[in-house]
Every structure is written in structure tokens, then in C-alpha cells.
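Some notes on the structure that comes next.
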There are 2 protein chains.
Amino acid sequence: MYSSELIKGTLKTILLKLLNEGNRMYGYEITQKVKELTNDKIQITEGALYPTLHALEADGLLETETEYIGKRVRKYYKLSTKGKVHSKEKVNEFADYMNTMKFLLGIETGTA
Amino acid sequence: MYSSELIKGTLKTILLKLLNEGNRMYGYEITQKVKELTNDKIQITEGALYPTLHALEADGLLETETEYIGKRVRKYYKLSTKGKVHSKEKVNEFADYMNTMKFLLGIETGTA
DNA sequence: TCTGAATGCATAAGTATACGATGTATTAGT
DNA sequence: ACTAATACATCGTATACTTATGCATTCAGA
């Protein structure tokens with residue numbers, strides 16, 4: 001687990017990226033996927049996740065589809081057209097930022 | 001310039017790293033150095049810098065030396081022994097975090 | 001059968017961190 | 001004489017995340 005400040009500001013980027021490749025996903029699924037992909041190093045809490053998803057939806061970047069699995073609600077999120085564009089921009093910005101920080105901190109990143 | 005959320009959480013790491021290699025530095029010098037090293041992409045505002053420097057000092061990670069250039073005050077900051085250890089930890093954590101994010105976002109970083 | 005864990009949504013209060021504005025003062029350039 | 005740069009600092013605001021809490025369903029184990 002990373003110190004919590006580090007993750008700040010990257011949540012939106014992570015969400016937009018996941019939805020960009022994996023098509024539609026629901027909230028709980030996202031938390032599990034990130035946990036799995038990062039070997040528990042990044043754990044998205046629900047208190048951070050849902051408000052952020054709602055904000056992205058309010059910005060017109062995400063669209064939702066609600067389904068019922070038995071009696072349990074499941075709310076799928078997927079990127080809107082606008083969201084797809086924004087997703088790429090965010091990921092590119094982060095890539096740029098990483099290169100800047102790498103230089104600034106004199107870090108050699110793994111080639112993998 | 002990056003969207004402001006991105007920088008959040010990295011300021012302490014940047015400060016600790018700069019002081020670790022460049023020995024003692026004063027506040028204004030730090031802002032200029034970061035601006036220069038990042039081609040204006042990261043600009044540390046004074047409203048963020050000084051409270052953070054004070055916080056690091058209060059945590060015993062930094063030590064200060066005040067000097068006068070003419071009548072103008074200049075307050076130098078340098079790492080304490082504790083700060084040197086912490087600096088390495090922070091930079092290593094960030095390097096780890098970058099590799100995680102690189103994988104998560106499917107980013108290829110520049111080799112430079 | 002019942003209890004706890006996992007699934008699945010959501011909000012609210014509290015905290016941390018940075019931004020923007022503002023303030024004071026000295027020095028260098030025009 | 002005025003403006004920009006140097007150099008410190010604080011305060012109010014916004015943002016974003018954490019922790020805590022709440023509700024409801026489903027599943028596995030004792």
C-alpha cells in the first residue's frame with residue numbers, strides 16, 4: 001500500500017483508463033480489478049469511488065446502465081464519446097507527468 | 001502545466017529529493033529550480049511551498065540556517081539525518097508507484 | 001439455521017493538501 | 001519613479017480522499 005497522498009489526483013485517470021479498455025464495468029468490479037492488477041498496492045475505497053463516478057457522469061464523461069442480478073442492483077458505467085476522448089487525454093497527461101517526475105527525481109523505471 | 005490534482009501528494013517528495021542532492025536550498029531557489037528542471041511544467045506556488053517546508057521542519061526532517069544577503073533574509077533548508085533516510089524512502093516509494101501506474105495505465109515511458 | 005463475509009449501492013463528516021490572494025520588504029533594472 | 005524580481009509568510013477556499021456509517025442481498029460455513 002502506498003501512502004495515501006500519492007494516489008490523490010490519479011483516481012479519475014484510473015477509472016477512465018479501465019473503462020476505456022474493458023468496456024462497461026460496475027463499481028464493485030472496478031475496486032476488485034484495480035486491487036488485482038496492482039497486487040493490492042492500490043485499493044480504491046468506496047467512499048472515494050462512488051462520488052468520483054457520479055462526478056464523471058455529471059460531467060458527461062460516463063453513461064450508466066442499471067441491471068438487476070436477482071434482487072441486487074448493479075450499475076454499469078461506460079465511457080461516452082466525450083469520455084473516450086477525455087480518457088486518452090488524461091492518460092497522456094499522466095504519462096507526460098511521469099516522465100517529468102522521473103527526470104526530476106532521477107528515477108530509473110523498470111523496462112517491463 | 002499539469003492539472004493541479006496530479007501534483008498533489010508529490011510536493012514533499014520533490015522537496016526531499018532536491019535537498020538530498022543539492023545540499024541546502026532556500027524557498028525561492030526551490031521554486032525556480034523546479035520550474036527550470038521541468039520546463040515550467042511544474043510550478044510550486046508559495047502558498048504550498050512554505051507551509052510544507054515548515055511541516056517538514058516540524059517533523060524533524062529539515063534543519064534551517066538563516067542568512068542575510070544585504071538586508072534581505074534568506075532561509076536555507078537542509079536535510080537532517082532523519083530527513084536523508086526519509087528522502088530515500090519517499091523517492092523509492094514514488095518509483096514503485098510509477099511502475100504500478102505504468103502497468104495499470106499501459107504506458108510506455110521514454111527511455112531517456 | 002443462523003451468522004458472518006462478500007457483494008453492491010450510497011452518503012456524510014473529517015482531514016489533508018494545494019491554490020489563489022494578499023501582505024511586507026529589499027533590490028535591480030528602465 | 002516605477003516595475004519586476006527576489007524572498008519571506010499567512011489566510012481563506014476548493015478539492016479530493018479517508019473513515020465511518022447505512023441499507024440490502026447473497027453465499028458459505030458452523
Side-chain angles (χ1 to χ4, degrees), chain A residues 1-16 24-36 38 40-59 61-62 64-77 90 94 97 101, chain B residues 1-16 24-36 38 40-59 61-62 64-77 90 94 97 101:
Chain A
M1 282 287 290
Y2 301 115
S3 61
S4 64
E5 322 97 67
L6 268 190
I7 319 294
K8 291 205 176 182
T10 62
L11 181 54
K12 281 185 185 171
T13 306
I14 291 173
L15 299 182
L16 290 170
R24 68 175 199 171
M25 294 180 84
Y26 56 96
Y28 186 77
E29 185 186 10
I30 292 173
T31 64
Q32 298 308 302
K33 190 73 179 174
V34 171
K35 197 167 177 283
E36 176 203 328
T38 65
D40 295 15
K41 285 180 178 178
I42 297 181
Q43 298 205 26
I44 299 178
T45 61
E46 293 169 303
L49 176 67
Y50 291 110
T52 303
L53 284 172
H54 298 159
L56 290 172
E57 189 186 2
D59 285 344
L61 302 176
L62 299 184
T64 60
E65 294 163 4
T66 301
E67 285 185 17
Y68 280 85
I69 310 298
K71 285 181 182 177
R72 186 183 289 163
V73 177
R74 192 178 278 179
K75 200 165 160 188
Y76 283 96
Y77 291 85
K90 277 295 215 179
F94 194 82
Y97 170 66
M101 286 299 290
Chain B
M1 283 288 290
Y2 303 115
S3 61
S4 65
E5 322 96 69
L6 268 191
I7 318 294
K8 289 203 178 184
T10 62
L11 181 54
K12 281 185 186 171
T13 306
I14 293 172
L15 299 182
L16 290 170
R24 68 176 200 171
M25 293 180 84
Y26 55 97
Y28 186 78
E29 185 186 8
I30 292 173
T31 65
Q32 298 309 302
K33 190 72 180 175
V34 170
K35 196 167 177 284
E36 175 203 329
T38 65
D40 296 14
K41 285 180 177 176
I42 297 181
Q43 299 204 24
I44 299 178
T45 61
E46 293 170 303
L49 176 68
Y50 291 110
T52 304
L53 284 173
H54 299 332
L56 290 172
E57 189 186 2
D59 285 345
L61 302 175
L62 298 185
T64 59
E65 295 163 5
T66 301
E67 286 184 17
Y68 280 85
I69 309 298
K71 286 182 184 176
R72 185 184 288 163
V73 177
R74 191 178 277 180
K75 201 166 162 187
Y76 283 96
Y77 291 86
K90 278 293 216 181
F94 194 83
Y97 169 66
M101 286 299 291

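Every value quoted in this text rests on a predicted model; they were computed, and no experiment measured them. Basis for what follows: all heavy atoms, side chains included, without hydrogens, waters or symmetry-related copies.
In this structure, B:Leu49 atom CG and D:dA9 atom C1' are separated by 11 Å, rounded to whole Å. A:Glu29 places its CD atom 9 Å from the P atom of C:dC9, with the value rounded to the nearest Å. Rounding to whole angstrom units, CD of residue B:Glu67 and P of D:dC8 are separated by 12 Å. Note: CD (A:Glu46) to P (D:dT21) measures 15 Å, nearest angstrom. Atoms CD1 (B:Ile7) and C1' (C:dA16) sit 17 Å apart, rounded to a whole Å. For the pair A:Leu53 CG and D:dC17 C1', the computed distance is 14 Å after rounding to whole Å. The interatomic distance linking B:Tyr26 (OH) with D:dC8 (P) rounds to 7 Å, in whole Å. B:Tyr2 places its OH atom 19 Å from the C1' atom of C:dC19, with the value rounded to the nearest Å.
Mapped onto DNA chain C by nearest heavy atom, B:Ile69 and A:Ala48 fall at different nucleotides, with A:Ala48 at the one closer to the 5' end. Sequence order on DNA chain D of the closest nucleotides to A:Ile44 and B:Pro51 puts B:Pro51 first from the 5' end.
Between C:dC9 and A:His54, no contact under 4.0 Å exists linking OP1 or OP2 to a side-chain N or O. For C:dA10, the OP1/OP2 oxygens have no side-chain nitrogen or oxygen of A:Tyr50 closer than 4.0 Å. Of the side-chain N and O atoms in B:Arg74, one or more sit less than 4.0 angstrom from OP1 or OP2 of D:dA7. In this model, the phosphate group of D:dA7 is not approached by any side-chain N or O of B:Lys71 to a distance below 4.0 Å at OP1 or OP2. Residue B:Thr45 places at least one side-chain N or O under 4.0 Å from the OP1 or OP2 atom of C:dC19.
B:Gly70 comes within 4.0 angstrom of the backbone, heavy atoms only, and of no base. At a threshold of 4.0 angstrom between heavy atoms, the contacts of B:Gly27 are confined to the sugar-phosphate backbone, with no base atom among them. B:Tyr77 comes within 4.0 angstrom of sugar-phosphate atoms only, judged by non-hydrogen atoms across all strands, and of no base.
Here CD1 of A:Ile30 is found 10.5 Å from CD1 of A:Ile14. Values are rounded to the nearest 0.5 Å.
Residue A:Leu15 is tested with A:Leu56, A:Leu62, A:Leu61 for a side-chain contact (heavy atoms from CB on, under 4.5 Å); the sole match is A:Leu56. Of the listed residues (A:Arg74, A:Arg24, A:Arg72, A:Lys75), just one forms a salt bridge (Lys or Arg N to Asp or Glu O under 4.0 Å) with A:Glu67, and that residue is A:Arg24. In summary, of the residues considered (B:Thr45, B:Thr52, B:Leu53), a side-chain contact (heavy atoms from CB on, under 4.5 Å) with B:Leu49 occurs for B:Leu53 alone.
Contact annotation: side chain of B:Lys8 to base of D:dT15, donor-acceptor pair present below 3.5 Å.
A:Tyr77 and A:His54 have tilted rings, their planes meeting at an angle from 30° to 60° on a 0 to 90° scale.
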